[in-house]
Amino acid sequence: MSKQKVNIKTTYLWKVFFIVPIAFLFQIDALLTAGGVDSSVGEMLAYALFGDAMIGDIRIFILLMDRMYYIFIFIMLYGTYIYRDFQVSSVYLFSRLKDRKKWFYKNVVAVAIFAAVYTFLFLATLLATCVWSSNYPLDIESVKMLGTLFIFVTLFLTATTLLTNFLTIRYNSSIGFICVYTLILILISIVVMSDNNMIWLAEHPYFSLLNPVEAIILNMSEDSWMKLIATIYYLVLNGVIIWLGARYVNSLEVGLMQKENDG
């Protein structure tokens, strides 16, 4: 591995820590109310990630744009990771690889690890601010929620970032970022554009699986089967993106991957 490649890998590794000060900044209100919030740590953690709404007598969790900053930041940091790895690799060496899928899978694992570490740091930061602000001690239910959120957020970040990387390799980074960001905003808007949509989804939660962005809300359900189905759903979603990306990279001519010098 070249020195340049090692330096780039190290830079990407350190980028996961960017979320810590940003999360503290978004939680500044909680930091200023030490021990003054009459909500459990779990409830505060949920509200830090999702919004909630009362539609009649129904209380539902919803995704809000201003609570999704951690998603957009991670995509921005790692949306060109796989393409950058190719840029610093030897074109000659890469062209001699019999199976480029192995190279792609290796980078997929790296993105997933970055997503897991990033999610851990993000949730740990939120947890610290919630414990600081809540009148209640950390309980087992809050710990369970933290574990569930870790799985779902990691899988969601991996899927969206791999999709961005795939589109970047297929077209360019501008198209990759714009397409994924726009897709996320559209899928959120479909749900929150009317109260009727939110009520219907609250009454028929499994239909959230039709919306990859809204499906992350299923992790807030008390139904274990629903959580399991949602987990499998995100695993399948990641699998489809990985399969498409691996097939494309394996069939791509090396020269075409250099069409975007600026990433």
Side-chain angles (χ1 to χ4, degrees), residues 19 22-30 33 37-75 115 118-131 133-134 136 138-139 141-160 181 183-195 197-224 226-227 229-231 233-234 237:
I19 191 59
I22 295 174
F24 270 122
L25 182 62
F26 273 83
Q27 290 291 101
I28 190 66
D29 289 341
T33 56
V37 180
D38 192 26
S39 297
S40 69
V41 173
E43 289 177 335
M44 292 188 66
L45 195 59
Y47 294 143
L49 288 168
F50 311 109
D52 69 324
M54 292 298 297
I55 310 297
D57 295 329
I58 303 177
R59 183 185 184 185
I60 61 175
F61 285 101
I62 57 175
L63 286 174
L64 298 176
M65 304 297 183
D66 62 344
R67 308 287 173 86
M68 298 185 68
Y69 63 92
Y70 63 97
I71 296 174
F72 296 116
I73 291 173
F74 186 79
I75 294 173
Y118 177 95
T119 302
F120 174 82
L121 293 172
F122 172 60
L123 293 179
T125 303
L126 294 186
L127 180 64
T129 61
C130 292
V131 171
S133 304
S134 177
Y136 302 92
L138 181 64
D139 55 19
E141 292 302 319
S142 299
V143 174
K144 289 180 179 179
M145 177 182 291
L146 190 66
T148 302
L149 287 171
F150 173 78
I151 294 172
F152 275 79
V153 173
T154 298
L155 289 175
F156 184 78
L157 290 178
T158 302
T160 52
Y181 285 161
L183 179 62
I184 292 174
L185 296 177
I186 290 175
L187 291 175
I188 294 175
S189 299
I190 289 173
V191 177
V192 300
M193 67 173 53
S194 73
D195 290 351
N197 286 355
M198 290 189 287
I199 292 175
W200 192 84
L201 280 177
E203 296 174 344
H204 307 87
Y206 284 104
F207 280 92
S208 292
L209 295 175
L210 297 175
N211 186 331
V213 175
E214 190 63 23
I216 196 172
I217 294 295
L218 293 178
N219 78 83
M220 302 305 295
S221 170
E222 296 180 358
D223 187 338
S224 297
M226 188 176 295
K227 291 181 179 180
I229 291 174
T231 302
Y233 169 82
Y234 276 114
L237 183 63

Approximate separation, where rounding is to 0.5 Å, of Leu237 CG and Thr160 OG1:
9.5 Å
Measure the spacing between OG1 of Thr231 and CG of Leu155 and express it to the nearest 0.5 Å.
7.0 Å
Could you give the distance from CG (Leu25) to CD1 (Ile19), rounded to the nearest 0.5 Å?
10.5 Å
What's the separation between atom CG in Leu149 and atom CG in Leu45, rounded to the nearest 0.5 Å?
5.5 Å
Between Gln27 and Cys130, which heavy-atom pair has the shortest distance, and what is it?
NE2-SG, 4.4 Å
Least distance between heavy atoms, Ser133 atom then Met44 atom:
CB-CE, 3.6 Å
Validation row: Val41, Leu146 side chains within 4.5 angstrom (heavy atoms):
no
Spacing of CG belonging to Asp139 relative to CE belonging to Met145, to within rounding of 0.5 Å:
9.0 Å
Nearest heavy atoms of Tyr118 and Tyr70, plus distance in Å
OH-O, 2.7 Å
Tell me, do Thr119 and Phe152 make a side-chain contact under 4.5 Å, heavy atoms counted?
no
Atom of Tyr181, atom of Phe72 and distance for their closest heavy-atom approach:
OH-O, 2.9 Å
Heavy-atom pair of closest approach, residues Phe122 and Ala23
CD1-CB, 4.0 Å
Are the side chains of Phe26 and Thr125 in touch, meaning some heavy atoms are under 4.5 Å apart?
no
Checking the side chain of Thr154 only, and the main-chain atoms of Ile151 only, is there a donor and an acceptor separated by less than 3.5 Å?
no
As an exercise, state the distance from CD1 of Ile75 to CG of Leu157, rounded to the nearest 0.5 Å.
7.5 Å
Minimum heavy-atom separation for Arg67 and Ala48, please, with both atom names.
CD-O, 3.8 Å
Heavy atoms from other residues, nucleotides or ligands near CZ of Phe120 exceed 12 (cutoff 6.0 Å):
no
Distance-only, no hydrogens or angles: does the Ser134 side chain make a donor-acceptor pair with backbone N or O of Val131 under 3.5 Å?
no
